[in-house]
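Every chain is numbered from 1 and lettered A, B, ... according to where its sequence line falls, protein lines coming before strand lines.
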2 protein chains.
Amino acid sequence: MHTDLDATFAALADPTRRAILTRLAAGEATVTELAAPFAMSQPAISKHLRVLERAGLVSRGRVAQRRPCRLEAGPLRDVTAWLAAYRDHWAERYQHLDDLLDELRTAEQTEPGGGTP
Amino acid sequence: MHTDLDATFAALADPTRRAILTRLAAGEATVTELAAPFAMSQPAISKHLRVLERAGLVSRGRVAQRRPCRLEAGPLRDVTAWLAAYRDHWAERYQHLDDLLDELRTAEQTEPGGGTP
DNA sequence: CCGATATAAAACCTCTTGGTTATTAAACCG
DNA sequence: CGGTTTAATAACCAAGAGGTTTTATATCGG
């Protein structure tokens with residue numbers, strides 16, 4: 001179930017791509033909408049989107065000629081999980097929160113609800 | 001006060017470097033100690049360490065001919081902070097945990113000394 | 001001082017990245 | 001039908017990343 005951390009981190013290492021994700025956090029957008037803020041050609045943005053897509057951070061629908069992009073934040077969860085192992089190195093006094101989180105999480109897992117695909 | 005997210009994410013995008021960080025989470029280590037597990041030349045590891053160092057993830061002391069490396073997890077905190085903005089996208093039902101975390105955090109800040117070692 | 005140990009530096013190679021422009025493909029509109 | 005919009009593809013290029021081997025630099029231990 002691992003996302004590919006290599007691909008995820010590499011995708012996140014580019015400021016343009018992070019900006020795209022930030023934009024997508026506000027809702028779906030087409031390629032030209034995403035390209036607008038950047039001083040960069042449309043193919044360049046398409047390439048960035050392909051990187052994000054291969055990292056699983058973005059998915060695309062199809063509406064007429066448009067390819068609306070949507071944020072898929074699943075990989076970010078895996079990144080967070082990886083980072084968790086180091087949390088006590090930068091905030092030792094909060095390390096017990098990990099256990100707290102786990103408790104709450106498993107508690108909430110017992111009662112079913114909507115989930116991400 | 002921002003760490004350079006570009007550099008941090010790029011540093012984390014390599015599995016060798018992540019393995020090095022994992023190793024360093026267990027305590028300081030010299031370059032040759034770090035290099036040992038990898039089927040890779042010593043200069044290659046030195047290069048990886050330089051990347052980690054420039055990203056602020058590793059600092060080095062000097063003991064005789066040895067350059068002991070130590071984990072500096074500060075940048076990971078900034079990564080986590082950046083990721084936090086997307087948390088409700090991958091686990092909406094847990095979003096209230098953010099507030100919970102903040103509550104606990106400030107609560108612990110008000111009463112000093114009572115924390116975990 | 002001499003040799004071994006530990007690490008960095010240099011020079012080099014190849015593959016990837018991030019960008020470009022020009023072209024193609026598909027679906028809309030009139 | 002023909003033209004316009006939206007996006008992907010292709011071909012190309014410069015720069016960087018990740019690796020190598022070889023060489024240099026400190027520093028220890030006799």
Side-chain angles (χ1 to χ4, degrees), chain A residues 3-24 27-72 75 79, chain B residues 3-24 27-72 75 79:
Chain A
T3 7
D4 183 351
L5 280 180
D6 282 29
T8 305
F9 277 124
L12 295 177
D14 185 279
T16 302
R17 289 193 289 261
R18 287 199 306 277
I20 288 175
L21 292 181
T22 301
R23 168 59 238 277
L24 288 180
E28 287 195 5
T30 69
V31 176
T32 30
E33 281 168 357
L34 289 171
F38 301 102
M40 200 180 297
S41 67
Q42 167 261 312
I45 298 294
S46 278
K47 278 194 180 182
H48 281 304
L49 286 172
R50 224 170 71 83
V51 172
L52 289 169
E53 196 176 19
R54 289 202 328 159
L57 287 160
V58 154
S59 67
R60 291 147 120 161
R62 177 171 287 213
V63 173
Q65 326 105 349
R66 265 153 259 136
R67 240 54 119 243
C69 300
R70 161 198 324 188
L71 178 63
E72 293 291 341
V79 166
Chain B
T3 6
D4 184 351
L5 280 180
D6 282 29
T8 306
F9 277 124
L12 295 176
D14 186 281
T16 302
R17 287 193 292 260
R18 287 199 305 279
I20 288 175
L21 292 181
T22 301
R23 169 59 238 279
L24 288 180
E28 287 197 2
T30 69
V31 176
T32 28
E33 281 167 357
L34 290 171
F38 301 102
M40 199 180 298
S41 67
Q42 166 262 313
I45 298 294
S46 278
K47 277 194 181 184
H48 280 304
L49 286 172
R50 224 171 69 83
V51 171
L52 290 168
E53 196 176 21
R54 289 204 326 159
L57 286 161
V58 155
S59 67
R60 292 148 119 160
R62 179 171 284 213
V63 174
Q65 328 103 350
R66 268 154 254 137
R67 239 53 118 244
C69 301
R70 162 200 322 193
L71 177 63
E72 293 290 341
V79 166

Colleague: I need the CG-C1' distance between Leu52(A) and dG18(C), as an integer number of Å.
Modeller: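 Going from Leu52(A) (CG) to dG18(C) (C1'), I get 13 Å.
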
Colleague: Using whole Å, report how far CE of Met40(B) lies from P of dA17(D).
Modeller: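 In whole Å, dA17(D) P and Met40(B) CE are 16 Å from each other.
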
Colleague: Tell me, do Glu53(A) and Glu72(A) make a side-chain contact under 4.5 Å, heavy atoms counted?
Modeller: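 A side-chain contact is absent here, since even the closest heavy-atom pair is not under 4.5 Å.
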
Colleague: What I'd like to find out is whether the side chain of Leu5(A) reaches to under 4.5 Å of the side chain of Leu12(B), using heavy atoms alone.
Modeller: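 Of all side-chain heavy-atom pairs linking Leu12(B) with Leu5(A), none is under 4.5 Å.
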
Colleague: Using a cut-off of strictly less than 4.0 Å, decide whether Ser41(B) has a side-chain nitrogen or oxygen near OP1 or OP2 of dT20(D).
Modeller: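 Yes.
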
Colleague: Nearest whole angstrom, please: distance from the P of dT6(D) to the CG of Leu34(A).
Modeller: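 Distance check: Leu34(A) CG to dT6(D) P gives 13 Å.
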
Colleague: Between dT7(C) atom C1' and Ile45(B) atom CD1, what is the distance in whole Å?
Modeller: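 Between C1' of dT7(C) and CD1 of Ile45(B): 13 Å.
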
Colleague: Should Arg60(B) be listed as having a side-chain N or O under 4.0 Å from OP1 or OP2 of dA8(C)?
Modeller: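 So the side-chain polar atoms of Arg60(B) do come within 4.0 Å of the phosphate oxygens OP1 or OP2 of dA8(C), strictly under.
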
Colleague: Taking atom types as they are modelled, would you say the side chain of Gln42(B) forms a donor-acceptor pair with the base of dA8(C) within the 3.5 Å cutoff?
Modeller: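 It does, because a donor-acceptor pair links the side chain of Gln42(B) to the base of dA8(C) below 3.5 Å.
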
Colleague: Starting from the 5' end of DNA chain C, give me the residue, Thr32(B) or Lys47(B), whose nearest nucleotide shows up first.
Modeller: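 Its nucleotide being nearer the 5' end, the pick is Thr32(B).
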
Colleague: Reading DNA chain C from 5' onward, which residue's closest nucleotide shows up sooner: Ala10(A) or Arg62(A)?
Modeller: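 Checking each residue's closest nucleotide, the 5'-ward one belongs to Ala10(A).
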
Colleague: Quiz question: going by heavy-atom distance under 3.5 Å, is there a donor-acceptor pair between the base of dT6(D) and the side chain of Gln65(A)?
Modeller: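 Flag unset: no donor-acceptor pair detected.
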
Colleague: Please determine whether side-chain contact (heavy atoms from CB on, under 4.5 Å) holds for the pair Val51(B) and Leu57(B), giving the CA-CA distance in whole Å, both sets of side-chain angles, and the decisive distance to 0.1 Å.
Modeller: CA-CA 9 Å; Val51(B) 171; Leu57(B) 286 161; over 6 Å; no

Colleague: What integer distance in Å separates Glu53(B):CD from dT7(C):C1'?
Modeller: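 Atom-to-atom, Glu53(B) to dT7(C), this comes out as 12 Å.
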
Colleague: Calculate the interatomic distance between Leu49(B) atom CG and dA9(C) atom P; express it in whole Å.
Modeller: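 Rounded to the whole Å, the gap is 12 Å.
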
Colleague: Out of curiosity, Asp14(B) CG to Asp6(A) CG, how far, rounded to the nearest 0.5 Å?
Modeller: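 Answer for the CG-CG pair, Asp14(B) versus Asp6(A), is 6.5 Å.
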
Colleague: Rounding to a whole Å, what distance do you find between Asp14(A):CG and dT17(C):P?
Modeller: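 So the CG-P distance, Asp14(A) to dT17(C), works out to 11 Å.
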
Colleague: Do the side chains of Asp4(B) and Arg54(B) get close enough for a salt bridge, i.e. N-O under 4.0 angstrom?
Modeller: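 No salt bridge links Asp4(B) with Arg54(B).
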
Colleague: Can you check whether His48(B) has a side-chain N or O nearer than 4.0 Å to OP1 or OP2 of dA17(D)?
Modeller: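 Answer no for this pair, as no side-chain N or O of His48(B) is under 4.0 Å from OP1 or OP2.
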
Colleague: Which of the following nucleotides, dT7(C), dC28(C), dT21(D), is nearest to the side chain of Ser46(B)?
Modeller: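 The nucleotide sitting nearest to the side chain is dT7(C).
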
Colleague: Rounded to whole Å, please give me the gap between CZ in Arg67(B) and P in dA26(D).
Modeller: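 Nearest whole value for this atom pair: 10 Å.
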
